[in-house]
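Quick caveat: nothing in here was measured; it's all calculated off a predicted structure. Every chain is numbered from 1, with letters handed out A, B, ... down the list of sequences.
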Amino acid sequence: MPYNFSEIEKKWRTFWENNKPPKNTNKPKFYCLDMFPYPSASGLHVGHWRGYVLSDVLCRYKILQGFEILHPMGWDAFGLPAENYAIKMKTHPRISTNESINNVRRQLKEISAVYDWDREINTTDPNYYKWTQWIFLQMFKKGLAYEKKMPLNWCPNCKAVLANEEATNGVCDRCGSHVTKKMLRQWMLKITDYAERLLNDLKLLNWPKKVKKMQEDWIGKSFGASVDFKITDKNLTIKVFTTRPDTLYGATFLVLAPEHELIEQLTLPNQKNLVDEYIKSASAKSYVNRMSDKEKTGVFTGSFAINPLTNKKIPVWISDYVLADYGTGAIMCVPAHDERDFDFAKKFDLPITPVIENGIMINSDEFNGLNCDDAKEKITQKLEQLGIGKQTVNYKLRDWIFSRQRYWGEPIPIIHCPKCGLVPVDEKDLPVILPDVENYQPTETGESPLAAIDDWVNVKCPKCGATAKRETNTMPQWAGSSWYFLRYADPHNDSCLADPKLLKKWLPVDYYVGGIEHAVLHLLYARFYTKFLYDIGVVDFNEPFLKLFNQGMINKNKTKMSKSKGNVVSPDELVKKYGCDSLRMYELFVGPPELDCEWNDNGIDGVLRFLNKFWNFICEYKDKIIEPTKKLTIMRNKMIFEITNRIENLSLNTVVSGFMEFTNNFIEICKNENGIDSQTLSAIIIMLAPFAPHLSEELWQTIGNNKSVFEEKWPTYDKNNMQDETVNIVLQINGKLRSNINVDINLSKDEIISLAKENLKTRLAGKNILKEIYVPNKIVNFVVK
RNA sequence: GCCCGAAUGGCGGAAUUGGCAGACGCGCUGGACUUAGAAUCCAGUGUUUUUUUAAACGUACCGGUUCAAAUCCGGUUUCGGGCACCA
């Protein structure tokens, strides 16, 4: 008889809503966090479910292990996609966002996860973004938030500035448009001040290696030296950064980025036209062309520098293959040992001097014969003695471009006063509310739509009272998500971002579950925020997420699910057809949780069949209670041991297959014994509870309990009672399987070997046994000739 | 170009880390129950040879270590991901 999942699931969902787990207990805490969703209009698909089911299984397992859990949920609801969607639908982002939230919340409830909905947060709620703005003000006060006019990544489609992290390869992360450069005044966060700590503290984290590596590469620390090159006939010095000071004798020219500030002074009159033209064309090149054109271009300034070690005159060139915002924006070129310099030298016919041969220095005066690692050190020392260089460290990490010229974001709480300059909004006046406007569409000019709202923009300076203007840029979507995990500890607090006592109780996050796509952006920003809040005494920990788990993506037709590709599988119908418990277990069964996998509805049948079988098995045997037999006891211990281990290793796909396997065996044993012992019956239901919570609750009640199964304790196993009385020994000859025997567990090695010989008598006849290999409880292998 | 991963039946995947390859599930084939179907149950299901018994081969490819290799080592191919003019 099939079980009625829809009735059972409805019944227990209602029960849980009215019977929430107790709070403020003395139990140890477990803070398990899902990356909060951006509430998209298209809702959740089965790929989203995967992570949420995984974290819920973990939470329910921890509840049974005696933990008090924090498992909250909220909405990362500001940002461009929400705004673009609202524009498309001709509605206000607040309205469309709320609709999406209601839909996604409904879908999330279908999972029956143990979310604490009393702690729900929303980044667009003024009571929330008050504190997003407050953190910004603290950064401003510490000099970490600053304004700068600079060429920035501009997405002509999104009509917004992008952070470097959002514009990888010169392509907009969001819409795929080619990013151009635009000169704009922007707010920046000095994340570079934290580069070293962000790098070093990765060591402390239990994160996937891959993610750590990605952050490490993004921070991009490199060691080298800065070297001063004097310009002939001019009182000028060009400073370069190099990771290869050992090759200094081979530096035969210098190249400056087109944006280098000394270009004007360096350019000789007869080169001026050419130089101006080159700089113009370089800046007109789109970001992506500049990055991808491997063909070198450049122009000679007319000036020469002196190589401080060879004392030779070397020409100073300009080329866009040198980046203005890394190192000093100028490089020394060693065409013999650098491919890019080589290309440039070939193209413009510049001298090439090799200084290393097979790792040994040549053409380098006193350093000849050293290996290049030693030479690195020695030459750097010499530069330091001469006072023209020193050991230097550089990072690829740039400061975080923090302002966006769009409507749907947190207003930056700064006032521009003609007399006082930048004035922070008084903390007591927070939040600076995002005004409701008719027209929130982005502009072509790079000015925020907020700039058009006069009665919002025009204010009195809080310092001097003069007429002043509000900052009209808003924060990027990352602002709200950089600290939300703190707010969950105390989501309704109106006097601080969270009560320090509650922060101490719950933080840091013990287990963070989400997709790999945030490996650099969100996870780096959140770590930066946490370190800053640590520095100003708001939190007492340095790293927000101790353990990170990235669930693999679920594909359909080998492609990532997306509405535009039309390959989205919605969980809604599947829940109706198979029930929540079946879908939960199938989400885990599809494959190892950390790997990508292909979705196929068909497999859910198998899980539903298993749950049916389990239901029927328990219904049949619940009244056939017998004293535990040896066989049942061994089976129970083995099962508890296996299932527990597999959960601890997060091998949840094999937990599900384990349940199937054990149940099949159990049914057989119970049939033979004509009953089941109550201990085993309980253990099996409790262990299934994190996976199929509704069915387990129902069964728990069916076997005569009147409390929730989640008030029980996770079963324990007896290590000394897991071994069957007999064991199967594989018999091999020359490593090939020939037979196997079932022997008493207590037999000695010699007894087993003689049994094996007996068993393989005909095969061994006339052969010479060279070696007998015996692996206890596993194998006997005869090496024969 | 550099740095990571991965590759196992028709399919998703398993293998206690060197010890019976293919657990578990899907699909498929046959059977039972049905007027019939659905559902359920039973049996079979890596390839090849063999009537059976059985044997050989088999974890992307080539080679090596070992009594024993999906697992370790060297090389190759394909796919996926990250970074990429960062000096």
Taking the six-membered ring for Trp, are A:Phe253 and A:Phe344 closer than 6.0 Å centroid to centroid?
yes

Using atom C1' in both nucleotides, what's the gap between B:A36 and B:U51 to the nearest angstrom?
37 Å

If the C1' atom of B:U17 is compared with that of B:U71, how far apart are they to the nearest Å?
7 Å

Report which part of the nucleic acid A:Lys736 touches: base, sugar-phosphate, or nothing (heavy-atom distance under 4.0 Å, all strands).
sugar-phosphate

Pairing partner (Watson-Crick or G-U wobble, both distances under 3.5 angstrom) of B:U66:
none

Expressed in whole Å, how much space separates the P atoms belonging to B:C24 and B:C41?
15 Å

To the nearest Å, how far apart are A:Ile733 CD1 and B:A54 P?
15 Å

Taking the six-membered ring where the residue is Trp, are the ring centres of A:Trp207 and A:Phe549 under 6.0 Å apart?
no

Which is true for A:Asn645 with a 4.0 Å heavy-atom rule: it touches a base, it touches only sugar-phosphate, or it touches nothing?
nothing

Just how far is it from atom CZ of A:Phe610 to atom CG of A:Asp605, taken to the nearest 0.5 Å?
15.0 Å

If the threshold is 4.0 Å, N to carboxylate O, is there a salt bridge linking A:Glu196 and A:Lys221?
yes

Over all atoms of both residues, closest heavy-atom pair of A:Arg50 and A:Leu595
NH1-O, 2.9 Å

Looking at the angle O4'-C1'-N9-C4 for a purine or O4'-C1'-N1-C2 for a pyrimidine, is B:G9 syn or anti, with syn meaning within 90° of 0?
syn

Of the listed B:G13, B:G19, B:C85, the closest approach to the A:Asn653 side chain comes from B:G13

Please pick, from B:A14, B:C20, B:C26, the nucleotide with the shortest atom-to-atom distance to any side-chain atom of A:Asn602.
B:C26

Under 4.0 Å from any atom of RNA chain B, heavy atoms only: list the residues of residues 582-594 of chain A that qualify, in numerical order.
A:Phe589, A:Val590, A:Pro592

Please determine, for B:U50, whether a Watson-Crick or G-U wobble partner exists with both distances under 3.5 Å, and give it or none.
none

Please compare A:Met332 and A:Lys613 by the position of their nearest nucleotide in RNA chain B and report the one closer to 5'.
A:Lys613

A:Gln732 side chain, from C-beta outward: closest of B:C3, B:A87, B:G19:
B:G19

Pick base, sugar-phosphate or nothing for A:Asn664, based on heavy-atom distances below 4.0 Å to the nucleic acid.
sugar-phosphate

Would you say that more than 12 heavy atoms from the other residues, nucleotides or ligands in this model lie under 6.0 Å from the CD of A:Glu7, or not?
no

Which listed nucleotide (B:A87, B:C67, B:C26) is nearest to the side chain of A:Thr242?
B:A87

Enter the distance from A:Ile388:CD1 to A:Lys239:NZ here, rounded to the nearest 0.5 Å.
10.0 Å

Is the shortest side-chain N/O distance from A:Arg609 to OP1 or OP2 of B:U40 below 4.0 Å?
yes

Say you draw a straight line from CD of A:Gln732 to CZ of A:Phe782; how long is it, rounded to the nearest 0.5 Å?
11.0 Å

Using atom CD1 of A:Ile516 as one end and atom C1' of B:G82 as the other, report the distance to the nearest whole Å.
9 Å

Which listed nucleotide (B:C67, B:A55, B:A15) is nearest to the side chain of A:Val783?
B:C67

Here the gap from A:Cys580 atom SG to A:Ile8 atom CD1, rounded to the nearest 0.5 Å, amounts to 12.5 Å

Test for a donor-acceptor pair under 3.5 Å between the base of B:C67 and the side chain of A:Asn781, counting only N and O atoms.
yes

Return the value, rounded to whole Å, for the distance between atom CD of A:Gln215 and atom P of B:C4.
19 Å

Looking at B:G9, which nucleotide sits across from it as a Watson-Crick or G-U wobble partner, both distances under 3.5 angstrom, or is there none?
none

When the P atoms of B:A15 and B:A6 are considered, how many whole Å apart are they?
14 Å

Mate of B:C28 across any strand shown (Watson-Crick or G-U wobble, both atom pairs under 3.5 Å) is B:G44

Using whole Å, what does the distance between atom P of nucleotide B:G25 and atom OH of A:Tyr578 come to?
17 Å

Conformer about C1'-N of B:U78 - syn within 90° of 0, anti elsewhere:
anti

Taking any heavy-atom pair under 4.0 Å as a contact, classify A:Lys210: base, sugar-phosphate, or nothing.
sugar-phosphate

If you check every side-chain atom of A:Val322, which of B:C85, B:U16, B:A87 has the closest atom?
B:A87

B:G13 and B:A23, which share atom name P, separated by this distance in whole Å:
15 Å

Suppose you measure atom C1' in B:C61 against the same atom in B:U50; what distance do you get, rounded to whole Å?
31 Å

So A:Trp400 and A:Tyr525, would you call those rings parallel, tilted or perpendicular, with 30° and 60° as cut-offs?
parallel

Rounding to the closest angstrom, what is the interatomic distance between B:C73 and B:G5 at atom P?
12 Å

Check every atom of B:C20, B:G19, B:C3 against the side chain of A:Val730 and return the nucleotide holding the closest atom.
B:C20

Please report the distance, rounded to the nearest Å, between CD in A:Glu772 and C1' in B:A68.
16 Å

Once you apply a heavy-atom cut-off of 4.0 Å, does A:Glu598 come out as touching a base, just sugar-phosphate, or nothing?
nothing

Could you tell me the separation between the OH atom of A:Tyr717 and the NZ atom of A:Lys638, rounded to the nearest 0.5 Å?
14.5 Å

Which residue, A:Ala330 or A:Asn728, contacts RNA chain B at a nucleotide closer to its 5' end, judged by nearest heavy atom?
A:Asn728

Give me the distance, rounded to whole Å, that separates B:G9 from B:A60 when you measure between the C1' atoms they each carry.
15 Å

If you check the A:Leu323 side chain, which of B:A87, B:G19, B:A84 turns out closest?
B:A87

Give the nucleotide from the list B:G82, B:G19, B:A84 with an atom nearest to the side chain of A:Met214.
B:G82

N/O (side chain, A:Tyr321) to phosphate O (OP1/OP2, B:A87) under 4.0 Å:
no

Just name whichever nucleotide pairs with B:A14, Watson-Crick or G-U, keeping both distances under 3.5 Å, else none.
none

On the side chain of A:Lys296, is there an atom forming a donor-acceptor pair with the base of B:C85 - under 3.5 Å, no angle test?
yes

Separation between CZ (A:Phe348) and CZ (A:Phe300), nearest 0.5 Å, reads 12.0 Å

Quickly work out the A:Glu661 CD to B:C26 P distance and round it to whole Å.
14 Å

Report the distance from atom CD of A:Glu648 to atom C1' of B:U16, rounded to the nearest whole Å.
16 Å

Please state whether the phosphate of B:U16, meaning OP1 or OP2, lies under 4.0 angstrom from any side-chain nitrogen or oxygen of A:Arg646.
no

Considering only side-chain heavy atoms of A:Arg738, which listed nucleotide, B:A56, B:C41, B:C83, is closest?
B:A56

With respect to the phosphate group of B:G13, does any side-chain polar atom (N or O) of A:Thr654 fall under 4.0 Å of OP1 or OP2?
no

If B:C83 has a Watson-Crick or G-U wobble mate with both distances under 3.5 Å, name it; if not, just say none.
B:G1

Rounded to the nearest Å, what distance is computed from the CD1 atom of residue A:Ile219 to the P atom of nucleotide B:C3?
21 Å

